Amino acid sequence: MAAAAVFSYRIFCPIRCSAASNNHDPNKQKLNNISYSGNSTRSTKVDLHSQTTGVASTFVASVAAEKEGCRINEVQIRQNIPTKKQFVDPYRHGLIIEGGVGYRQTVVVRSYEVGPDKTATLESILNLFQETALNHVWMSGLLSNGFGATHGMMRNNLIWVVSRMQVEIDHYPIWGEVVEIDTWVGASGKNGMRRDWLIRSQATGHIFARATRYIITWVMMNQQTRRLSKIPAEVRAEISPWFIDKQAIIEDVPEKISKLDDTAKYVNSDLKPKRSDLDMNHHVNNVKYVRWMLETIPDRILESNQLSGITLEYRRECGGSDVVQSLCQPDEDGILKDGVKQDTASIRLLNGFSLASEIVDGGGLIASFEKGPLRFTHLLQAKGETQNEEIVRGRTTWKKKPSSMPFST
């Protein structure tokens, strides 16, 4: 039998268990110099050399052993997930706000998060939303080893199911800019939950973007059976003390997104998820959905316009074996009235003024107004042998790109 691979390395990080301090305050934190030595088939031993002033102690703990009521293993040490509420996270530049239940993280827009115009891409902004939401749960002490799942969710083998997400972007952060991202959770109706975000410039205080993600009727999904499940009382009890009665986006009546069919103007077929598109829940990450949607927008729109809003309605998850089709229909082919698209051929008046036939019958009414927003309806669907299944419906709103940098003097 081949000898087991032996590993040995040294890291410098804080170590926690239920009997130890979980405070992230640098003035109170105990740092430990940790050495690992072991192999892939035996219990890994951990040497802890305490660096606390006036205290020198060394102990050896087995990964498979329990000490002071806390099971320590290599993954837990490397992830360093707290078991109690934290107020400051110096590593992620995060802190608890809003009376101890909201979260704020300060980040720098990096070079790989911007596009050709040196502003943050929509995908980067969505990734920051996801990361700060997970870090909020991390700071709360509720995070288990799942993808944002609490301890109660892990005991019941449940994951989150998001039904709707809405993002509004007034301005895009630029490369190298320092921004603050606030996030919090709250109730939505009697049985729903929502998470909100705000992005602001640390230098100017201007609000760049806001977003809301809805989790309706407290529904979750069993991670093994992939069936929907009502939220257990223990999970509700974990989360509800963190609710804040505040909304980043106020939407009295959500706008209904119509379903597209094969007659859509723009179609991109045979999209296949890559392994790198899957998240820790083994389905395609929602940021990939947005990328597929935006790829159907014509280049002439992307060159002169920037996305100012996007709404997503999730219908089902997308797996690694799905073949996806992206449909897109511009609303400039008609006029929206009370959420219903009207036929431009029958419309000749607007606010009492007659419209030239070349405006109505040509490039479209909305396109004729240089400063007017453009709107597109989207659909991602999984192609099936007998019928296609909806994955997510979407709506995007676009406005003209600014001629100069916002807030410049």
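Keep in mind that the numbers below use all heavy atoms, side chains included, and drop hydrogens, waters and symmetry copies. Here the structure is a predicted model, which is why all the values come from computation and not from measurement. Residue numbers start at 1 and run along the sequence shown.
At least one donor-acceptor pair under 3.5 Å links the side chain of K85 to the backbone N or O of G100. Within the 3.5 Å criterion, the main-chain N or O of D170 finds a donor-acceptor partner in the side chain of K399. Between the side chain of D322 and the backbone N or O of V324 there is no donor-acceptor pair closer than 3.5 Å. Judged by distance alone, with hydrogens and angles left aside, the side-chain atoms of T311 form no donor-acceptor pair with the main-chain N or O of G394 at under 3.5 Å. Here the side chain of Y289 pairs no donor or acceptor atom with the backbone of I391 at under 3.5 angstrom. In this structure, N388 contributes its side chain and G384 its backbone to a donor-acceptor pair below 3.5 Å.
Here the side chains of L260 and T377 are in contact, with some heavy-atom distance below 4.5 Å. Using a 4.5 Å cut-off on side-chain heavy atoms (C-beta onward), V107 and I181 make contact. In this structure, R210 and I207 have side chains that are in contact, with non-hydrogen atoms separated by less than 4.5 Å. In this structure, the side chains of H378 and I297 come closer than 4.5 Å at one or more pairs of heavy atoms. Under the 4.5 Å side-chain criterion, counting only non-hydrogen atoms from C-beta, L380 is not in contact with Q325. Contact check for V185 versus I244: no side-chain heavy atoms found under the 4.5 Å cut-off. Between L95 and I97, the closest side-chain pair of non-hydrogen atoms falls below 4.5 Å. Taking 4.5 Å as the limit, every side-chain heavy atom of E113 sits out of range of all side-chain heavy atoms of P173.
Partners of N268 by side chain to side chain contact (heavy atoms under 4.5 Å, CB included), not counting sequence neighbours, listed by chain and number: L271, E295, T296, S326.
Judged purely by distance below 3.5 Å, without hydrogens or angles, the side chains of T106 and E180 never pair a donor atom with an acceptor atom. A donor and an acceptor atom, one from each side chain of H283 and D279, are located under 3.5 Å apart. Between the side chains of Q381 and E390, no donor-acceptor pair of N or O atoms lies under 3.5 Å.
Contact check on R315 versus E313 returns a salt bridge, with a Lys/Arg side-chain nitrogen under 4.0 Å from an Asp/Glu carboxylate oxygen. Salt-bridge annotation for K274 and D277: absent, with no side-chain N of the basic residue lying under 4.0 Å from a carboxylate O of the acidic one.
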Derivation of the side chain to side chain contact (heavy atoms under 4.5 Å, CB included) call for D331 and L374: CA-CA 7 Å; D331 285 350; L374 300 176; over 6 Å; no

Could you walk me through whether N285 and Q130 pass the side-chain hydrogen bond (donor to acceptor under 3.5 Å, both in side chains) test, one step at a time? CA-CA 10 Å; N285 189 280; Q130 179 173 283; 3.2 Å; yes

Carefully, step by step, assess I169 and I125 under the rule side chain to side chain contact (heavy atoms under 4.5 Å, CB included). CA-CA 10 Å; I169 303 176; I125 291 175; 4.1 Å; yes

Show your reasoning for whether side chain to side chain contact (heavy atoms under 4.5 Å, CB included) applies to M165 and Y214. CA-CA 6 Å; M165 185 167 185; Y214 295 91; over 6 Å; no

Show your reasoning for whether side chain to side chain contact (heavy atoms under 4.5 Å, CB included) applies to W138 and R92. CA-CA 11 Å; W138 189 95; R92 297 172 179 83; 3.5 Å; yes

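No more than 12 heavy atoms of other residues, nucleotides or ligands shown are found within 6.0 angstrom of NZ on K118.
The two atoms that bring R316 and A382 nearest to each other are NH1-CB, 3.6 Å, heavy atoms only. Here the closest heavy-atom approach between residue V114 and residue A120 is recorded as CG1-N, 3.9 Å. The nearest pair of heavy atoms linking S140 to W242 is CB-CZ2, 3.2 Å. Minimum heavy-atom separation, G176 to V108: O-CG1, 3.8 Å. Considering every non-hydrogen atom in both G152 and E234, the closest pair reads CA-OE1, 3.9 Å. Listed here is the closest heavy atom pair of W292 and K272: CZ2-C, 4.4 Å.
Rounded to the nearest 0.5 Å, atoms OG1 (T396) and CG (L307) are 6.0 Å apart. Of the inter-residue distances, the one linking D261 atom CG with L327 atom CG reads 8.0 Å to the nearest 0.5 angstrom. Taken from SG in C318 to CG in N286, the straight-line distance is 12.0 Å, to the nearest 0.5 Å. In this structure, D89 CG and M139 CE are separated by 5.5 Å, a value rounded to the nearest 0.5 Å. Interatomic distance, H151 NE2 to I81 CD1, rounded to the nearest 0.5 Å: 8.0 Å. In this structure, R164 CZ and S188 OG are separated by 10.5 Å, a value rounded to the nearest 0.5 Å.
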If you look only at distance, which donor and acceptor atoms sit under 3.5 Å apart when one is on a side chain in residues 192-201 and the other is two or more places apart or in another chain?
residue, atom, partner, partner atom, Å
R194, NE, D196, OD1, 2.9
R194, NH1, Q247, OE1, 3.4
R194, NH2, D196, OD2, 2.7
R194, NH2, T212, OG1, 3.0
R194, NH2, I249, O, 3.2
R195, NH1, H136, ND1, 3.1
R195, NH1, T183, OG1, 2.8
R195, NH2, H136, ND1, 3.3
D196, OD2, T212, OG1, 2.8
D196, OD2, A248, N, 2.9
W197, NE1, F129, O, 2.9
W197, NE1, T132, OG1, 3.2
W197, NE1, T183, OG1, 3.4
R200, NH1, D182, OD2, 3.0
R200, NH2, D182, OD2, 3.3
S201, OG, E177, OE2, 2.9
S201, OG, A203, N, 3.3
S201, OG, T204, N, 3.3
S201, OG, T204, OG1, 3.3

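The aromatic rings of W398 and F376 sit perpendicular to each other, their planes meeting at more than 60°, with 30° as the lower class boundary.
The stretch residues 128-137 participates, sequence neighbours left out, in no salt bridge (Lys or Arg N to Asp or Glu O under 4.0 Å) pair at all.
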